[in-house]
Amino acid sequence: MDTRYDPKETEDRIYKRWEESGFFNPDVCVKRGVTKKNAKHFSIVLPPPNVTGTLHMGHAAMLAIEDIMVRYERMKGKKTLWLPGTDHAAIATQSKVEGIIYKKEGKTRYDLGREEFLRRVEEFAKESHDAITNQVRKMGSSVDWSREAYTLDAKRSRAVVTAFQKMYDDGLIYRGARIVNWDPKMQTTVSDDEVERVEEKAPFYYLKYGPFTIGTARPETKFGDKYVVVHPADKRYKKYKHAEKLNLEWINGPITATVIKDKAVDMGFGTGVMTITPWHDTVDFEIAERHKLDREQIIDNNGKLLSIAGEFAGMHIKKARPLIVQRLQEKGLLAKTDDSYVHNIATNSRGGGIIEPQIKEQWFVDVNKKFVIKKSKIKGVKSGSKITLKEMMKKVVASKQIEIIPRRFEKTYFRWINNLRDWCISRQIWYGHRIPVWYCVACGTPIVNPVIKSKWFLIRHGETDHNKGERMAGRLEASLNESGISQARKAADELKNHNIDLIISSDMMRCRQTAEIIAKATGAEIVYEKQLREQNHGEAEGMLRTEAFEKYGDTYSYEATIPGSEGYKDVEERAWKAFSHHKKSHHHRNVVIVTHGGVIRTLVKRIRNWDVEQMLSTPSIKNAAAIELDLASQCVKCKGDLYEQDTDTLDTWFSSGLWTFSTLGWPENTDDLKTFHPTSVIETGYDIIFFWVARMILMTGNLLGDVPFRKVYMHGLVRDASGRKMSKSLGNIIDPLDLIEKYGADATRLSLIIGSAAGNDMKLSEDKVRGYRNFSTKIWNASRFVLMNYKPSKVKPKFTAKDKKNIEELGKIKKRVAKYLEAFDFNHAAEVLYHYFWHTFADKIIESAKPRLNSENLSDKAAAQVVLMTILKESVKMLHPFIPFVTEEVWSRLPGDKKILMAEKW
RNA sequence: GCGCUCAUAGCUCAGUGGUAGAGCGUUUGCAUGACACGCAAAAGGUCCGAGGUUCGAUCCCUCGUGGGCGCACCA
């Protein structure tokens with residue numbers, strides 16, 4: 001044995017041994033007699049790391065703490081499960097991948113299209129996943145890999161859909177138009193919690209608004225402001241009555257303003273007068289709600305001004321602002337400018353842009369609506385009683401059914417719940433769970449999670465030279481040109497993923513060719529249908545559009561205008577008849593309909609229940625573009641049977657909120673669910689108490705009528721040696737893998753445990769890690785010494801009083817450590833052990849044993865040997881949860897049975 | 001503005017209603033048959049300030065000072 005312990009040589013080998021032993025899996029522990037069948041359970045789900053990259057020191061701390069708990073409980077004989085997994089982290093991952101692609105290829109997600117973009121994200125997520133699971137192993141985490149889960153895998157997706165449906169049925173999920181946080185950069189809504197306020201210095205303008213002076217930092221929102229609000233108690237504006245109308249000159253000319261009195265106004269701020277923009281401000285929105293005021297959209301989804309802005313319309317707000325100020329100045333409406341104004345602007349914390357509030361139709365979770373809690377396991381709430389999500393969330397913590405460690409975070413928790421508004425759960429990003437709602441194509445009625453009988457695709461043929469040349473090609477035959485062929489191939493490629501059974505195609509050449517390409521890719525049979533032929537243009541066949549237009553007038557009319565031709569009306573009749581007929585006979589098959597631009601327009605008109613005008617004002621779809629429809633049971637409202645799924649995805653926290661039970665097999669009532677839920681502890685950083693902890697409580701309360709966990713243990717943030725947050729921009733990030741490489745996982749773990757209390761941030765320096773690396777070496781060498789002096793003999797040991805005292809002290813240490821561990825005080829547990837092993841065992845007990853080990857008095861010698869071995873064994877066992885690798889390695893070299901240390905009795 | 005939190009040795013941090021602790025660092029000895037990633041010693045603190053409760057406060061309470069964090073507002 002070497003005088004230096006080499007973690008690099010040891011750790012991977014030992015982790016492999018653990019994995020192969022199967023003892024990470026509680027079922028194996030029971031089967032192999034390590035755990036009793038009827039033992040109590042101890043379960044933790046690993047807070048799933050985001051697949052946005054690799055693990056940082058915070059994750060390392062989390063893994064260290066959880067592994068201590070888990071190893072301790074396992075050694076104490078509990079049926080112990082630590083369930084690992086990863087989180088798709090929808091918006092964060094998408095944002096990250098979008099950034100990478102843009103940087104590398106200069107392309108946006110729209111350039112790639114939904115399918116290709118998602119493929120790229122999945123690829124990235126896979127790499128992250130592999131890096132993460134490798135790191136989790138390197139840390140020595142005793143997680144049960146056989147149960148590993150991903151928030152976006154099939155089982156978890158099923159849980160998400162089931163959850164959505166139940167909450168929808170309970171009336172807790174609703175769709176409504178409300179003001180939301182819109183991120184123009186990522187083109188999506190974000191939840192209130194994901195909005196991060198950043199300080200900004202901006203000029204503050206005082207504007208003349210009739211007899212009033214109003215202040216604003218955002219003149220570009222002011223176009224539509226026609227309400228002027230003052231506090232009802234403000235004496236300065238006493239002479240203006242509520243609802244009084246005033247005519248005044250504004251940015252783009254004279255307007256009529258209405259005076260509103262509302263307490264939301266802060267009399268002390270600025271002039272105490274404000275105008276409101278309900279469409280783009282939460283407070284203004286609420287004022288408008290209270291007084292039933294008009295709302296008007298000023299800024300579009302891209303941050304550009306709408307037509308209300310007059311000549312500024314179409315301009316980005318950033319560009320428009322100085323011009324608008326200039327205009328105001330020219331009109332004499334600018335009273336003064338304050339350049340020292342500092343305010344907070346809302347940004348999307350997940351790598352997005354500056355938030356522009358918008359009123360949008362979105363899906364929400366209603367936190368104030370009562371629902372019936374059917375089978376309640378919540379203290380103080382009877383089965384069958386009614387409760388709101390907010391009330392339930394408060395109750396479980398107030399009643400101590402869930403204990404938060406450290407206690408002070410309860411206050412933070414309650415505060416958050418009190419301020420909680422309905423949770424916007426729909427996102428316009430692509431990576432995530434599609435919202436499981438379909439809309440009837442004809443009337444828009446929503447249906448949650450319907451049984452889809454089949455998929456129907458309407459696809460236009462690929463390009464021909466006639467298309468390209470803007471020629472009237474109705475019945476005129478033409479074949480695909482080169483780009484038409486490649487368009488068709490691309491379309492066929494995507495259709496491959498949909499198990500196409502049948503292709504119904506127009507029998508004209510351009511469609512036949514397209515259909516054949518699709519058939520080749522999908523293996524589906526083709527049926528030709530004459531009724532799907534393109535509109536007959538009669539005399540005008542072969543003419544340029546412009547020529548025909550001159551000669552016959554409107555060539556796009558509903559009624560036929562060209563001699564010998566069909567109008568759209570005629571096409572609609574035959575095409576719809578054919579479509580309906582095929583739909584009836586092939587409703588159980590996935591069908592691709594290949595036809596022409598004009599035919600698709602008329603079919604879409606029928607399917608979507610449009611009027612003629614709407615059809616005519618909607619342009620033809622592009623060559624080889626497809627419309628995807630789902631066929632399901634008849635719509636309750638209009639009897640239609642074609643549906644489209646909502647294109648939005650769910651907030652990532654919707655799926656992670658189910659984590660404690662979706663990982664255990666819910667909605668199936670599995671053995672795992674019965675055994676391990678509610679979980680014993682959730683251990684996480686205090687920074688995600690709202691995002692995650694609170695939402696798990698919310699979801700579990702509604703879906704299971706229970707709590708997700710008994711205890712919440714929150715660790716602090718890991719900071720650098722001078723207390724700064726570790727971040728890329730500061731360049732002070734310490735990679736856990738580097739530390740492990742240099743000093744070993746044991747040392748890395750201990751340095752994250754000792755000297756840090758629950759909920760308090762910890763500072764980490766390499767010096768500290770080095771110190772604990774030295775401790776590993778100490779254990780190694782002390783063990784070496786005990787071993788090389790341990791020669792079992794037949795002589796009966798004769799123990800001294802000191803020996804007995806030492807053994808007694810060992811027992812006391814054990815009790816103290818256990819007490820600390822059970823109080824989640826890992827810091828002290830580890831410190832006590834550290835101190836005991838080094839300064840009591842190694843420095844005192846071993847030192848004083850040295851002469852006895854060389855003694856001629858054999859029974860005294862034997863006693864010394866036995867005492868040293870006993871203490872060593874016990875110490876190594878106690879230390880194992882903290883520094884599993886060295887202890888396991890030492891254990892394997894001790895005499896006696898060769899059981900694995902992680903499965904020993906503590 | 002509301003709330004939380006921290007202030008103890010040079011540094012990083014534990015801690016307790018009764019004479020102050022650890023690691024690292026510093027100083028001084030030691031190549032002592034486990035270990036120099038070590039051993040043996042040592043120096044080093046008005047426990048942020050003021051007041052209060054108490055027989056007694058570093059600890060409990062109040063106020064203050066200075067850091068950190070969260071939430072809300074920001075027209």
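The chains referred to below are lettered A, B, ... by the order of the sequence lines, with proteins before strands, and numbering in each begins at 1.
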For RNA chain B, what residues of residues 259-271 of chain A have any heavy atom nearer than 4.0 Å? Val265(A), Asp266(A), Phe269(A)
side-chain hydrogen bond (donor to acceptor under 3.5 Å, both in side chains) with Glu741(A): which residues, sequence neighbours excluded? Lys8(A)
Return one dot-bracket line describing RNA chain B 5' to 3' (Watson-Crick or G-U wobble pairs, both distances under 3.5 Å; ( ) same strand, [ ] crossing, | another strand, . none). (((((((..((((....[..)))).(((((.......))))).....(((((..]....))))))))))))....
Close N/O contacts between protein and nucleotides 68-72 of chain B (under 3.5 Å):
| unit_1 | atom_1 | unit_2 | atom_2 | d |
| --- | --- | --- | --- | --- |
| rG70(B) | N2 | Arg415(A) | NH2 | 3.4 |
| rC71(B) | O2 | Arg415(A) | NH2 | 3.3 |

Residue list, salt bridge (charged side-chain N to carboxylate O under 4.0 Å, His left out) with Asp651(A), at least two apart or on another chain: Arg427(A)
side-chain hydrogen bond (donor to acceptor under 3.5 Å, both in side chains) involving Asn806(A) - partner list, sequence neighbours excluded: none
Pairs satisfying side-chain hydrogen bond (donor to acceptor under 3.5 Å, both in side chains), at least one member in residues 844-853 of chain A, at least two apart: Asp803(A)-Arg852(A), Glu847(A)-Lys850(A), Arg852(A)-Asp860(A)
Under the side-chain hydrogen bond (donor to acceptor under 3.5 Å, both in side chains) rule, collect the residues that match up with Glu11(A), sequence neighbours excluded. none
Among all residues two or more places apart in sequence or in another chain, which pass the side chain to side chain contact (heavy atoms under 4.5 Å, CB included) test with Arg421(A)? Asp192(A), Thr282(A), Glu286(A)
Can you give me every donor-acceptor pair (side chain of residues 812-824 of chain A, partner residue at least two apart or in another chain, under 3.5 Å) with its distance?
| unit_1 | atom_1 | unit_2 | atom_2 | d |
| --- | --- | --- | --- | --- |
| Lys814(A) | NZ | Glu874(A) | OE1 | 3.0 |
| Glu822(A) | OE2 | Tyr72(A) | OH | 2.4 |

Pull out every protein N or O sitting under 3.5 Å from an N or O of nucleotides 26-34 of chain B, one pair per line with the distance.
| unit_1 | atom_1 | unit_2 | atom_2 | d |
| --- | --- | --- | --- | --- |
| rA34(B) | O2' | Asn781(A) | OD1 | 3.1 |
| rA34(B) | O2' | Arg784(A) | NH2 | 2.3 |
| rA34(B) | N7 | Lys850(A) | NZ | 3.2 |
| rA34(B) | N6 | Ala842(A) | O | 3.4 |
| rA34(B) | N6 | Glu847(A) | OE2 | 3.0 |
| rA34(B) | N3 | Asn781(A) | O | 3.1 |
| rA34(B) | N3 | Ala782(A) | N | 3.3 |

Among pairs that include at least one residue of residues 745-774 of chain A, which meet ring-ring contact (aromatic ring centres under 6.0 Å, His included), considering only residues two or more places apart or in two chains? Tyr772(A)-Tyr834(A)
Expressed in whole Å, how much space separates the C1' atoms belonging to rC47(B) and rU8(B)? 4 Å
